[in-house]
Amino acid sequence: ILNVEQSPQSLHVQEGDSTNFTCSFPSSNFYALHWYRWETAKSPEALFVMTLNGDEKKKGRISATLNTKEGYSYLYIKGSQPEDSATYLCAFIPQQGGSEKLVFGKGMKLTVNP
Amino acid sequence: EPEVTQTPSHQVTQMGQEVILRCVPISNHLYFYWYRQILGQKVEFLVSFYNNEISEKSEIFDDQFSVERPDGSNFTLKIRSTKLEDSAMYFCASSWGSSGANVLTFGAGSRLTVL
């Protein structure tokens, strides 16, 4: 059974704090990793697709790194703002001969207080 | 910015009834998906669709479920005889290319409540 774990499950921070959270996935069977940002009552919004060990991606104040050998990805938010409040989902694609299936973690709910 | 639209946003149905959830993916996308999230659980894959046929399906996607792309724009999920455990938020998604290298664009979801 493929399992993707995210930690912490929830985080409350003050505006201006930087945050980071972890997504763990099976290292032996890696193909790609996706990060999504999901605000309540809206569509999950794509942040990154990461495929190569050592990948670093950046979008404004949000960045992500990937370690496929040890099976984790970090998502960083620099100087959190209230509008960053959302659930952040990671999703793993196993190396499985043409599989399109994303295996999601449970998500990390971020609340940024003004 | 192009978006994936889903209807209805919420549907309440009686157990045993048929339900059709509709999606309009982004027009130049080639890959189409249905995912669902049961309350409190992880988002889980149901089915992927490419080149007018199912390319992959999960063990959840049994004979009660079917998908269609009848007219080149809509992408529908049908549940033939709903069960209580089908209550969930159902998400449609599409992508231009394979999910190995391309992000998915999700709709806002259709909440299905089976009584």
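Every chain is numbered from 1, with letters handed out A, B, ... down the list of sequences.
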Inset, instruction - Check whether A101(B) gets within reach of chain A through its side chain, its backbone, both or neither, counting any heavy atom under 4.5 Å. - result: backbone

Legend entry - Ring geometry between F25(A) and F92(A) (parallel below 30°, tilted from 30 to 60°, perpendicular above 60°): parallel

Inset, instruction - Tell me, for L102(A) versus chain B, whether the close heavy atoms (under 4.5 Å) come from the side chain, the backbone, both or neither. - result: both

Inset, instruction - Looking only at non-hydrogen atoms, find the nearest pair between V49(A) and V103(B) and report the distance. - result: CG2-CG1, 3.0 Å

Compile the donor-acceptor pairs, distance criterion under 3.5 Å only, formed between chain A and chain B.
{"residue": "N3(A)", "atom": "OD1", "partner": "K42(B)", "partner atom": "NZ", "Å": "2.9"}
{"residue": "V4(A)", "atom": "O", "partner": "K42(B)", "partner atom": "NZ", "Å": "2.9"}
{"residue": "H34(A)", "atom": "NE2", "partner": "S99(B)", "partner atom": "O", "Å": "2.7"}
{"residue": "Y36(A)", "atom": "OH", "partner": "L104(B)", "partner atom": "N", "Å": "2.9"}
{"residue": "S43(A)", "atom": "OG", "partner": "F106(B)", "partner atom": "O", "Å": "3.3"}
{"residue": "S43(A)", "atom": "OG", "partner": "A108(B)", "partner atom": "N", "Å": "3.3"}
{"residue": "S99(A)", "atom": "OG", "partner": "E56(B)", "partner atom": "OE1", "Å": "3.2"}
{"residue": "S99(A)", "atom": "OG", "partner": "E56(B)", "partner atom": "OE2", "Å": "2.9"}
{"residue": "E100(A)", "atom": "N", "partner": "E56(B)", "partner atom": "OE1", "Å": "2.7"}
{"residue": "E100(A)", "atom": "O", "partner": "S99(B)", "partner atom": "OG", "Å": "3.0"}
{"residue": "E100(A)", "atom": "OE1", "partner": "Y33(B)", "partner atom": "OH", "Å": "2.8"}
{"residue": "E100(A)", "atom": "OE1", "partner": "S99(B)", "partner atom": "N", "Å": "2.8"}
{"residue": "E100(A)", "atom": "OE1", "partner": "S99(B)", "partner atom": "OG", "Å": "2.8"}
{"residue": "E100(A)", "atom": "OE2", "partner": "S98(B)", "partner atom": "OG", "Å": "3.2"}
{"residue": "L102(A)", "atom": "N", "partner": "Y35(B)", "partner atom": "OH", "Å": "3.0"}
{"residue": "K106(A)", "atom": "NZ", "partner": "G40(B)", "partner atom": "O", "Å": "3.1"}

Between [Y] and [X], is there a side-chain heavy-atom distance shorter than 4.5 Å?
{"X": "E15(A)", "Y": "P82(A)", "value": "yes"}
{"X": "Y76(A)", "Y": "T65(A)", "value": "yes"}
{"X": "F61(B)", "Y": "L77(B)", "value": "yes"}
{"X": "I62(A)", "Y": "L75(A)", "value": "yes"}

Legend entry - Shared hydrophobic cluster, V103(A) / F21(A) (ILVMFWY, side-chain heavy atoms < 4.5 Å): yes

